[in-house]
Protein chains: 2
Amino acid sequence: MVGDAEATKRRLLDAGTAEFAKYGIAGARVDRIAAAAAANKAQIYHYFGSKEGLFDAVFDEFVAQTLREVPIDPADLPEYAGRLFDGYLRHPELTRIASWYRLERAETSEPLQSILKANQGKVDAIAQAQADGVLPSRFDPADLLALVLTIAGMWTAMTPEYHDLVRSETVEHRRKVITDAVRALLA
Amino acid sequence: MVGDAEATKRRLLDAGTAEFAKYGIAGARVDRIAAAAAANKAQIYHYFGSKEGLFDAVFDEFVAQTLREVPIDPADLPEYAGRLFDGYLRHPELTRIASWYRLERAETSEPLQSILKANQGKVDAIAQAQADGVLPSRFDPADLLALVLTIAGMWTAMTPEYHDLVRSETVEHRRKVITDAVRALLA
DNA sequence: CTCTCGTAACTAACCATTCAGTTAGAAGAA
DNA sequence: TTCTTCTAACTGAATGGTTAGTTACGAGAG
């Protein structure tokens, strides 16, 4: 063989992640991705079919990784939210890629079964915990999960102008705001 | 006069709003905007300087309108969050435009003073209410505002896959989840 | 005439995608 | 081993359509 197909795909995925996180799908340039991956443009089409195909591959990988890294714990939702926050800190591209997906791709492509199933599983786990009395039943399971996920991502979803108001806050403080807020929902 | 400059600007702003909401800045096409506004492409450059100039004009207008339409009431934050939710329902483009701004424009352009000032004013109002004992002091003012704003926008910021789980929920139910959640934060 | 508003045609660059061809290792035959 | 053939991986260059931005000109009102 001339090269290593798996290694080339890997480099294209990594370069695509950085490019898409920064510029989105419409703003991404296949030339830049190929250059950053030290690969030829045509390889993108050979391995992923199209620019959007590469984005989908990048996004799929992120979804799988996140689902693996941060499992839900229905008995301790505040800490679950905190761990989600930690995950967003570890992978800053994640939230941007997710936003681009929502804005540019979601209406075009089919709902991702992996996300759908994962969410359903989490809702079921919360419902079970509520039935067991481990969790208060003030909110419907799906609504409670939505609240927890939203609050966990609150700092990354904020308009940049807001950061000037809270610039002095430490990471630990922000994490505590999240866990405290989720705790308040359950009180 | 051959035409009406103000009316032309107005049409360009409206067409730009729809185009940018749908495709973002990189994805927007000036030809489509001009056609939708029944105007000429060159008019965009005459009145707004560039594609990004038009986006900024569109965004500025949205910001001003929202700040005018939904004034804060520190003594009743749950209802404030509810009114924000109502505003997002009335202007569906708003949240998308705001997301595009955050992803595509915020890093390039200066922080918008209007947003900065408005946020500062809200933080001050919350701090005052806390000092007056109208509002519990469990959260710092800026953190509490961030929580309220985040929760108010929770349904629009959700990944589309999530909507399949809560499809049956009515608008009223979603609004109640928001006001209940903010109420829980203040308990 | 002059000023404002508007337009059609143009350009130069850009960009996703394709393709004809090259490279180098593998495998089989003698 | 050595020669031949096959093929996956890769490449440089082209293609064809698109796009932001420009320019030179027209037309009506005062």
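So you know, we letter chains A, B, ... as the sequences are listed, proteins then strands, and number each from 1.
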Report each atom pair, protein N/O against N/O of nucleotides 7-11 of chain C, whose distance is under 3.5 angstrom.
residue : atom : partner : partner atom : Å
C:dA8   : N7   : B:Asn40 : ND2          : 3.3

* Search all heavy atoms of A:Ala152 against all heavy atoms of A:Ala81 and return the closest pair with its distance. => CB-O, 3.7 Å

* **A:Lys51 NZ - C:dT18 C1' separation (whole Å)** => 17 Å

* Do we see a donor-acceptor contact under 3.5 Å between the side chains of B:His46 and B:Asn40? -> no

* Structure fact -> A:Ile44 atom CD1 is separated from C:dT18 atom C1', nearest whole Å, by 14 Å

* Could you give the CG-to-P distance, from B:Leu12 to D:dG21, as a whole number of Å? -> 14 Å

* Structure fact -> Of all heavy-atom pairs linking A:Arg11 and A:Ala39, the shortest is NH2-CB, 4.3 Å

* **Proximity to DNA chain C (any heavy atom under 4.0 Å), residues of residues 18-31 of chain A only** => A:Ala28, A:Arg29, A:Val30, A:Asp31

* **Check: A:Pro71 main-chain N/O paired with A:Arg83 side-chain donor or acceptor under 3.5 Å** => yes

* Asked: A:Phe20 ring centre to A:Arg96 NZ or CZ under 6.0 Å, with the angle to the axis within 45°?
  -> no

* **Exercise: do B:Gln128 and B:Asp124 side chains pair donor with acceptor under 3.5 Å** => no

* **Side-chain (B:Asp4) to main-chain (B:Glu6) donor-acceptor, under 3.5 angstrom** => yes

* **Donor + acceptor pair across side chains of A:Ser50, A:Glu52 (<3.5 Å)** => no

* A:Asp73 side-chain N/O to A:Ala75 backbone N/O, donor-acceptor pair under 3.5 Å -> yes

* Between A:Tyr45 and C:dC19, is there a side-chain N or O to OP1/OP2 distance below 4.0 Å? -> no

* Under 4.0 angstrom between A:Thr8 side-chain N/O and D:dC10 OP1 or OP2 -> yes

* Whole Å only: how far is the CG atom of A:Asp4 from the P atom of C:dA24? -> 16 Å

* To do: Could you state the atom-to-atom distance from OH of A:Tyr47 to P of D:dA8 in whole Å?
  => 11 Å

* Please give, in whole Å, the distance from C:dA16 C1' to A:His46 NE2? -> 18 Å

